[in-house]
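Before we start, here is the structure in question, set down as C-alpha cells.
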Amino acid sequence: MVNMENNRDYWRAGNVLFPLPVVMVSCKRENERPNIITVAWAGTVCSDPAMVSVSIRKERYSHDIIKETGEFVINLVNKVLCYATDWCGVVSGRDHDKFKEMKLTELPSKFISAPGIAESPVCIECKVKSVTELGSHDMFVAEVLGVCVDGRYMDERGKFELNKSGLVTYSHGEYFTLGERIGKFGYSVKKKRNNKN
C-alpha cells in the first residue's frame, strides 16, 4: 500500500481544476468595434434551459461591455485559433482591434447583437441572466439563445463531429489539443446492460 503522506504535497487554496475549455468570448457595444476576451473560467451550469457561465475580472475591458449589453458569444477554440486566443488574452481591447489584428472575421449572430468569430467551430450566443460578484471575478450566468456550428465538421449523416475540429484545452498555464478517445458516455455500464438482455 502506498503511504500517501510521503507522496502528496499540500498547497494553499487555489484554482487547479484543470483541464478547462479555453474560449474566446466576443462582445460589442452599439456603435463601437467588437472585442474579444480569452476566458478559461467558463462552463455549463444548466442543461434545461441551456445555461453557461463566464467569470471575468472587473478591470478587463470586456467586463463592462458585457455588463452593459447583457450579451456575449462563447467561441470554441481549435488548434488553428490557439495563437489568436493567447494573444487576445494578453492584450487589451482598449488599445487593440483584436478582430482586425488577428485577421478574424465577424460572424453576425441570429439572436443577439454581439458577433461571433467565423473561424470558430462553434459559436454560442448568450444572454446574461445574472451577475454575481465573487471577489477577483464577476460571474456572468447566461442563457444560451442559439448555437451556430461550422458545416465543415458535419458528416454525411448530418452528425456534428465536434471532436474532429482540433479543440484546445487549457491546463496549468499551457494549451493542449484533445488527445486519444478512451471511452464514451455510458461505456462503463454498457456491457452490464447487454448481459441483462
Side-chain angles (χ1 to χ4, degrees), residues 15-28 34-47 50-57 60-63 65-67 69-93 96 98-99 101-129 131-132 134 136-150 152-153 160-179:
N15 294 327
V16 290
L17 182 60
F18 295 115
L20 297 164
V22 58
V23 298
M24 302 171 84
V25 173
S26 48
C27 54
K28 184 180 187 299
N35 192 50
I36 301 167
I37 181 174
T38 299
V39 174
W41 305 153
T44 298
V45 294
C46 188
S47 50
M51 298 185 77
V52 294
S53 71
V54 294
S55 293
I56 302 173
R57 288 183 179 273
R60 297 296 296 268
Y61 179 58
S62 292
H63 176 280
I65 297 174
I66 293 171
K67 194 167 185 180
T69 64
E71 57 184 38
F72 57 89
V73 180
I74 294 176
N75 304 275
L76 299 192
V77 171
N78 58 13
K79 188 175 181 180
V80 174
L81 285 172
C82 193
Y83 180 88
T85 301
D86 185 68
W87 188 85
C88 287
V90 295
V91 303
S92 175
H96 296 272
K98 295 183 181 182
F99 272 94
E101 293 187 50
M102 285 291 100
K103 298 179 173 58
L104 298 172
T105 308
E106 292 180 47
L107 180 68
S109 294
K110 183 175 181 180
F111 298 102
I112 61 174
S113 299
I117 299 172
E119 290 77 9
S120 171
V122 178
C123 303
I124 306 167
E125 299 176 21
C126 305
K127 190 74 174 175
V128 175
K129 291 297 183 181
V131 183
T132 303
L134 299 174
S136 62
H137 292 64
D138 282 353
M139 180 175 66
F140 295 85
V141 174
E143 183 174 358
V144 175
L145 300 184
V147 178
C148 180
V149 301
D150 188 333
R152 289 179 294 175
Y153 304 108
F160 185 49
E161 298 282 1
L162 176 61
N163 292 326
K164 292 185 178 178
S165 67
L167 292 176
V168 170
T169 64
Y170 179 79
S171 182
H172 205 56
E174 299 178 298
Y175 304 101
F176 297 88
T177 53
L178 292 184

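Numbering starts at 1 and runs along the sequence shown. These figures come from a predicted structure and were not determined experimentally.
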Decide yes or no for V52 and I74: does some side-chain heavy atom of the first lie under 4.5 Å from some side-chain heavy atom of the second?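 Result yes, sub-4.5 Å side-chain heavy-atom pair found.
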Drop me the distance from M24's CE to S120's OG, to the nearest 0.5 angstrom.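 Between M24 CE and S120 OG, I get 8.5 Å after rounding to 0.5 Å.
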List in chain and number order the residues that pass side chain to side chain contact (heavy atoms under 4.5 Å, CB included) with P19, two or more places apart in sequence or in another chain; answer none if no residue qualifies.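 Partners of P19 by the side chain to side chain contact (heavy atoms under 4.5 Å, CB included) criterion, ordered by chain and then number, come out as T169, S171.
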Does K164 have any salt bridge (charged side-chain N to carboxylate O under 4.0 Å, His left out) partners at least two apart in sequence or in another chain, and if so, which?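 Not a single residue meets the salt bridge (charged side-chain N to carboxylate O under 4.0 Å, His left out) criterion with K164.
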With sequence neighbours excluded, what pairs up with L107 under the side chain to side chain contact (heavy atoms under 4.5 Å, CB included) test?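 So L107 forms a side chain to side chain contact (heavy atoms under 4.5 Å, CB included) with A118, C123, C148.
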To the nearest 0.5 Å, what is the distance between CZ on F72 and NZ on K127?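 These two atoms lie 11.0 Å from each other.
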Mind checking ring pair (Phe, Tyr, Trp, His ring centres under 6.0 Å) for F18 and listing every partner two or more places apart, or none if nothing turns up?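 F18: ring pair (Phe, Tyr, Trp, His ring centres under 6.0 Å) contacts with H172.
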Output all residues satisfying side-chain hydrogen bond (donor to acceptor under 3.5 Å, both in side chains) with S62, sequence neighbours left out; order by chain, then residue number.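 Applying side-chain hydrogen bond (donor to acceptor under 3.5 Å, both in side chains) to S62 gives N35.
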Expected output: side-chain T177 to main-chain G166 donor-acceptor under 3.5 Å: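 No.
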Of the non-hydrogen atoms in L104 and A84, which two are nearest, and what is the gap between them?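 Heavy atoms of L104 and A84 come nearest at CD1-CB, 4.4 Å.
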Using the side chain to side chain contact (heavy atoms under 4.5 Å, CB included) criterion, which residues pair with T44? Sequence neighbours excluded.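 So T44 forms no side chain to side chain contact (heavy atoms under 4.5 Å, CB included) with any residue.
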For K98 and V91, indicate whether the former's side chain and the latter's backbone hold a donor-acceptor pair under 3.5 Å.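 Pair found, side chain donor or acceptor close to backbone of V91.
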Non-neighbouring partners of E106 that pass salt bridge (charged side-chain N to carboxylate O under 4.0 Å, His left out), sequence neighbours left out: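 So E106 forms no salt bridge (charged side-chain N to carboxylate O under 4.0 Å, His left out) with any residue.
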From the options N75, I117, V25, select the one residue that forms a side chain to side chain contact (heavy atoms under 4.5 Å, CB included) with I36.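 Exactly one candidate clears the test, I117.
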For L162, side chain to side chain contact (heavy atoms under 4.5 Å, CB included) partners two or more places apart: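 Scan of L162 (side chain to side chain contact (heavy atoms under 4.5 Å, CB included), adjacent residues dropped) gives L76, V122, F160, S165, L167.
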Spatial distance of atom SG (C126) from atom CE (M51) [nearest 0.5 Å]: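 With rounding to 0.5 Å, SG (C126) is 9.5 Å from CE (M51).
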To the nearest 0.5 angstrom, please state how far the OH atom of Y61 sits from the SG atom of C27.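 Result: 8.0 Å between the selected atoms.
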From L145 atom CG to S109 atom OG, the distance as rounded to the nearest 0.5 Å: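 Between L145 CG and S109 OG, I get 9.5 Å after rounding to 0.5 Å.
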Report all side-chain donor-acceptor pairs from residues 136-143 shorter than 3.5 Å, counting only partners two or more places apart or in another chain.
{"unit_1": "H137", "atom_1": "NE2", "unit_2": "W41", "atom_2": "NE1", "d": "3.4"}
{"unit_1": "D138", "atom_1": "OD1", "unit_2": "K58", "atom_2": "NZ", "d": "2.9"}
{"unit_1": "D138", "atom_1": "OD2", "unit_2": "H63", "atom_2": "NE2", "d": "2.8"}

Kindly give the heavy-atom pair with the smallest separation between V23 and A42, and that separation in Å.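 Shortest heavy-atom contact: CG2-CB, 4.0 Å.
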Of all residues at least two apart in sequence or in a different chain, which pass the side-chain hydrogen bond (donor to acceptor under 3.5 Å, both in side chains) check with Y175?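 Per chain and number, Y175 pairs via side-chain hydrogen bond (donor to acceptor under 3.5 Å, both in side chains) with D86.
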Counterpart residues, side-chain hydrogen bond (donor to acceptor under 3.5 Å, both in side chains), relative to E119 (two or more places apart):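 In terms of side-chain hydrogen bond (donor to acceptor under 3.5 Å, both in side chains), with neighbours along the sequence ignored, E119 is linked to T105.
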What is the minimum heavy-atom distance between C88 and M102, and which atoms define it?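 Smallest interatomic distance, heavy atoms only, reads SG-CG, 4.3 Å.
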I need the W87 CH2 to E101 CD distance, nearest 0.5 Å.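 If I round to the nearest 0.5 Å, the distance is 4.0 Å.
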